[in-house]
Amino acid sequence: MPRAIVCILDSFGIGGAPDAADYSDGHGHNDLGSDTLGHIAEHYDLKLPNMDALGLGAAAKLSRGRVPRGLTDQPKGGRWGVGREVSKGKDTPSGHWEIAGVPVPFAWGYFPQTIPSFPAELTEALIRTANLPGILGNKHASGVPVIQEYGEESIRTGKPICYTSIDSVFQIAASEEHFGLQRLYEVCEEAFKLTAPMMIGRVIARPFAGETRDTFKRTGNRRDFAISPPEPTLLDRAKAAGRQVFAIGKISDIYAGSGVTHKIKASGNMVLFDRTLEALEMARDGDYVMTNFVDFDQEFGHRRDIPGYAGALEAFDARLPELIARLRPDDLLVLTADHGNDPSWVGTDHTREQVPILCFSPSLSAGTVGLRTTFADIGESVAHWLGLAPGRHGRSFL
């Protein structure tokens with residue numbers, strides 16, 4: 001039986017979402033014209049020969065009508081296309097759930113761009129139930145700057161830093177050494193109980209190390225507490241069929257552990273790549289491997305770091321031959337993304353974009369899958385490849 005490996009290049013959008021103008025940052029800017037790949041290529045001499053050979057440049061041309069600088073529209077193998085999201089969001093859970101065959105059927109809850117951002121009854125309940133001396137932040141913020149702003153006070157007072165963004169999220173940062181990692185997780189669990197009824201998609205633990213503003217650094221012990229998908233995803237269907245499901249990086253957290261048989265945590269794109277290769281060695285016939293490469297989004301997209309994002313893409317591309325060389329004749333490799341995060345854009349938030357769909361198998365003929373009107377087509381294609389029964393949403397392009 002064949003195996004399948006899906007690599008999510010977190011936030012690697014290719015522009016062109018027809019509803020991008022509907023997604024505003026609340027300050028008069030919207031996502032119309034955002035293009036993560038295209039704008040990186042305008043600023044940086046990208047060298048992505050392996051993804052380009054699989055159809056990246058051709059997919060970008062289909063999405064935006066032009067080939068990004070440094071790429072071509074001449075794929076050398078595999079199937080390529082463009083994914084368009086139907087879920088009404090540009091966040092991690094929406095994109096991942098839809099990729100796994102389950103579009104989000106409801107509207108997420110969000111916190112307003114006011115100071116404070118959180119309703120008083122929420123913060124009061126969290127302080128009471130988690131036995132906290134108080135909280136810091138209580139506003140829309142980006143992860144590293146908010147830790148630099150409040151980190152020293154948090155260490156001194158024992159108050160965690162609570163913040164949000166334009167996404168449906170409640171984030172809590174605290175010092176691993178002074179506040180305690182397990183204590184942080186426990187506070188996040190309490191916060192999740194309070195925010196889940198508000199349809200806030202995730203509560204995220206953001207531990208950091210260091211003693212001063214200049215030495216603070218987020219650690220790799222992030223943990224997401226997420227609302228469960230409303231129906232069985234591709235992961236659940238694979239597990240129910242007796243397959244092993246290897247969830248690498250934050251995949252297990254995104255799906256609230258549902259459908260996962262092997263949870264493999266790792267930090268850093270190259271370590272995540274290593275773990276993917278190791279999981280492939282462990283995978284038996286019919287198994288499913290899914291990895292989220294978070295650095296593109298967390299380290300470079302949100303920080304609006306164009307050279308950093310470009311370098312991370314090149315590093316990932318350079319290792320693709322290692323993964324392809326380990327594929328069996330009937331294995332399927334899929335590269336895609338969950339949303340955009342244009343590092344040239346205003347603000348620090350995700351951008352509503354279409355995503356590349358790059359598929360390769362030694363037994364798969366070359367060609368295009370066109371523009372898919374839902375990410376769910378990706379999950380249904382993987383299900384078809386693995387011999388699983390079709391789901392309720394999307395249809396296979398294989």
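This one's a predicted model, so the numbers in the text were calculated from it and none came from an experiment.
A salt bridge does not link Arg352 to Asp31: none of the charged nitrogens lies less than 4.0 Å from a carboxylate oxygen. Salt bridge Arg222/Asp253: absent, no basic N to carboxylate O contact under 4.0 Å. Salt-bridge check for Glu98 with Arg84: failed, with every basic side-chain N at 4.0 Å or more from each acidic carboxylate O. Salt bridge Asp274/Arg319: present, at least one basic N to carboxylate O contact under 4.0 Å. The residues Arg128 and Glu124 are annotated as not salt-bridged, no charged nitrogen and carboxylate oxygen being separated by less than 4.0 angstrom.
Summarising the geometry, atom CZ belonging to Arg3 is positioned 11.5 Å from atom CG belonging to Leu332; distances are rounded to the nearest 0.5 Å. Distance CZ/Phe208 to CD1/Ile147: 6.0 Å, rounded to 0.5 Å. Ile227 CD1 to Ser168 OG: the interatomic distance, rounded to the nearest 0.5 Å, is 6.5 Å. The distance from atom CG of Leu181 to atom CG of Asn221, rounded to the nearest 0.5 Å, is 5.0 Å. Between the CE atom of Met1 and the CZ atom of Arg328 there is a distance of 11.5 Å, given to the nearest 0.5 Å. Taken from CZ in Arg206 to SG in Cys162, the straight-line distance is 13.5 Å, to the nearest 0.5 Å.
Glu353 places a side-chain N or O within 3.5 Å of a backbone atom of Gly15 that can act as its donor or acceptor partner.
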> Given the rule in the side chain to side chain donor-acceptor pair (under 3.5 Å) test, do Gln244 and His262 qualify, once you have shown the distances and angles that lead to the verdict?
Replying inline: CA-CA 7 Å; Gln244 294 185 108; His262 294 70; 3.3 Å; yes
> Can you check side-chain contact (heavy atoms from CB on, under 4.5 Å) on His350 and Tyr23, steps first, answer last?
Replying inline: CA-CA 10 Å; His350 296 157; Tyr23 291 80; over 6 Å; no
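Taking the six-membered ring where tryptophan is involved, the planes of Phe316 and Phe296 are perpendicular, since the angle between them exceeds 60° and thus also 30°.
Residues Ser365 and Arg79 have side chains that bring a donor and an acceptor to within less than 3.5 angstrom of each other.
Taking the centre and axis of the six-membered ring of Phe397, the NZ or CZ atom of Arg372 falls outside the cone set by 45° and 6.0 Å.
With ring centers used as reference points, Phe118 lies under 6.0 Å from Phe170.
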